[in-house]
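Have a look at the structure below before the remarks.
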Amino acid sequence: MTLTREAPPTVRRPPAGERSRRRTEGLATTLMVAPATVLYVVMLIVPVGLALYLSLTDWDGFSADPAFVGAANYVDLLDDPELRRAALVTLLVAAAGTAGLNLCGLGFALLVNGASRLNTFFRIVLFYPHVLSALVVGFLWSAILGTTGAVNNLITTWGGEVLPFLSDPAWATVTMIAVLVWAGFGVNVVLYLAGLQAVPHSLIEAARIDGATRWQVFRNVTLPALGPSVTVNVVLSLVTLLKTYDLVVSLTAGGPAGQTQTVAYLILWNSFHDARLGFGSAQSVILMLVTAALAFVVTKLRRRGELAVHQ
């Protein structure tokens with residue numbers, strides 16, 4: 001018996017015209033991706049790298065050469081009571097605000113779901129507050145809820161006492177969260193409406209034929225199908241609220257007595273008002289890392305919940 005050795009398969013090179021076409025397509029793809037890549041590097045990578053560098057320095061933002069201090073700014077963060085208070089306020093705003101944004105967003109999305117002129121009108125009305133600048137929203141509600149604002153003037157006209165919407169720490173925090181929810185839940189409505197449009201109508205009809213109530217249909221059919229929309233809304237709401245500063249500036253200015261300062265507001269205050277740009281950069285790095293970690297954890301938990309529902 002003679003063993004024959006098979007010849008290795010020959011690798012056929014594409015013709016020159018094919019190679020030229022591939023090079024042209026690769027060059028075209030590179031040119032199309034290049035603007036987005038440059039924008040990403042300039043607007044994200046460079047600022048993050050600069051913040052990391054400045055967080056290791058003692059710089060007032062004006063002197064020529066920042067003084068390198070290593071991890072001293074991060075050590076100072078551990079002993080900063082103002083930062084700890086701001087962190088608690090930020091976590092409270094993020095948790096309560098995320099719940100409020102999603103409950104209001106989902107609730108109003110269910111109310112205006114369906115094709116009609118009236119629903120289209122209400123969708124525009126619900127989304128409109130998000131179009132306004134957060135600074136404008138803060139000044140608007142400050143004029144409405146301030147000590148001499150429209151609401152308190154109306155209350156005193158009726159013989160009542162002034163309500164401390166913005167002058168009492170607890171009231172001011174609740175007011176700030178309520179205004180944040182009012183200004184932002186329109187985006188959640190839009191995202192939940194998109195999710196509701198993707199729910200198979202046949203499943204809803206089948207559940208109704210089987211005698212399910214509206215609540216049972218929502219809990220067992222609609223809500224599980226909205227799993228991806230819930231994940232997106234929760235993560236977006238959480239990330240947005242963790243970096244809240246502009247509405248704080250115009251609504252409470254961090255008061256009363258600094259009780260409504262968020263971490264993002266404190267970063268701006270330390271960096272520019274106190275001219276401690278290195279210390280503020282260290283705070284921004286920590287906020288960035290905490291935000292990324294929380295977003296990752298929430299996304300993983302939500303994905304795990306979605307898989308458990310579909311199994």
Side-chain angles (χ1 to χ4, degrees), residues 77 79-105 107-108 126 128-130 132-188 234 237-274 276 279-280 283-284 286-287 290-291 294:
L77 290 178
D79 298 325
D80 189 355
E82 199 171 33
L83 179 61
R84 288 197 293 268
R85 182 177 61 195
L88 290 176
V89 172
T90 303
L91 291 175
L92 176 61
V93 168
T98 299
L101 285 170
N102 284 274
L103 289 175
C104 290
F108 281 103
L126 292 172
Y128 183 73
H130 183 71
L132 300 174
S133 166
L135 288 173
V136 173
V137 170
F139 287 127
L140 172 66
W141 282 101
S142 178
I144 295 174
L145 300 175
T147 304
T148 59
V151 172
N152 277 318
N153 281 335
L154 191 61
I155 292 174
T156 53
T157 301
W158 290 344
E161 295 183 358
V162 172
L163 295 178
F165 291 110
L166 301 177
S167 57
D168 178 80
W171 280 71
T173 303
V174 173
T175 300
M176 183 171 65
I177 294 171
V179 173
L180 283 167
V181 172
W182 176 85
F185 80 95
V187 175
N188 300 83
V234 169
S237 302
L238 183 65
V239 171
T240 301
L241 292 170
L242 283 172
K243 57 182 184 179
T244 298
Y245 74 93
D246 39 11
L247 189 134
V248 180
V249 172
S250 55
L251 183 64
T252 66
Q259 295 298 315
T260 59
Q261 287 182 339
T262 61
V263 173
Y265 178 87
L266 195 60
I267 289 171
L268 293 176
W269 184 269
N270 288 326
S271 298
F272 301 107
H273 182 271
D274 295 343
R276 301 175 65 193
F279 186 66
Q283 291 176 314
S284 66
I286 297 300
L287 178 61
V290 170
T291 302
L294 287 176

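A search for side chain to side chain contact (heavy atoms under 4.5 Å, CB included) contacts involving D80 returns E82, L83, F279, Q283, not counting sequence neighbours. The side chain to side chain donor-acceptor pair (under 3.5 Å) check on T260 picks up T252, with sequence neighbours excluded.
The closest side-chain donor-acceptor pair between N188 and S237 falls under 3.5 angstrom.
The distance from atom CG of L247 to atom OG of S142, rounded to the nearest 0.5 Å, is 10.0 Å. Remark: L268 CG to S284 OG distance equals 9.5 Å, nearest 0.5 Å. Once rounded to the nearest 0.5 Å, the distance linking OG1 of T240 with CG of L101 reads 8.5 Å. Separation of atoms CD (Q261) and CG (L88) is listed at 13.0 Å; rounding is to 0.5 Å. The distance from the CH2 atom of W141 to the CG atom of L180 is 12.0 Å, given to the nearest 0.5 Å. Here L251 contributes atom CG and F139 contributes atom CZ; the two are 9.5 Å apart, rounded to the nearest 0.5 Å.
Summarising the geometry of T90 relative to L242, their closest heavy-atom pair is CG2-O, 3.6 Å, with the distance given to 0.1 Å. Shown here for P129 and V137, the closest heavy-atom pair between the two residues is O-CG2, 4.3 Å. Between S271 and G280, the shortest heavy-atom distance links the atoms OG-CA, 3.3 Å.
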Walk me through it: do V162 and I155 pass the test side chain to side chain contact (heavy atoms under 4.5 Å, CB included)? CA-CA 7 Å; V162 172; I155 292 174; over 6 Å; no
Full working for side chain to side chain contact (heavy atoms under 4.5 Å, CB included) between L294 and L238: CA-CA 8 Å; L294 287 176; L238 183 65; 4.1 Å; yes
Show, in sequence, the C-alpha distance, side-chain angles and deciding distance for I286 and V290, and conclude whether the side chain to side chain contact (heavy atoms under 4.5 Å, CB included) test is met. CA-CA 6 Å; I286 297 300; V290 170; 4.2 Å; yes
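The closest donor-acceptor contact from the side chain of Y265 to the backbone of K243 lies at 3.5 Å or more, if one exists at all. Checked by atom type and distance alone, the side chain of N153 pairs as donor or acceptor with a backbone atom of T148 at under 3.5 Å. Remark: the backbone N or O of L241 is paired with a side-chain donor or acceptor of T244 at under 3.5 angstrom. Judged by distance alone, with hydrogens and angles left aside, the side-chain atoms of N152 form a donor-acceptor pair with the main-chain N or O of L163 at under 3.5 Å.
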Kindly list each side-chain donor-acceptor pair under 3.5 angstrom involving residues 165-179, sequence neighbours excluded, with atom names and distances?
{"residue": "D168", "atom": "OD2", "partner": "A170", "partner atom": "N", "Å": "3.2"}
{"residue": "D168", "atom": "OD2", "partner": "W171", "partner atom": "N", "Å": "3.2"}
{"residue": "T173", "atom": "OG1", "partner": "P169", "partner atom": "O", "Å": "2.9"}
{"residue": "T175", "atom": "OG1", "partner": "F165", "partner atom": "O", "Å": "3.1"}
{"residue": "T175", "atom": "OG1", "partner": "W171", "partner atom": "O", "Å": "2.7"}

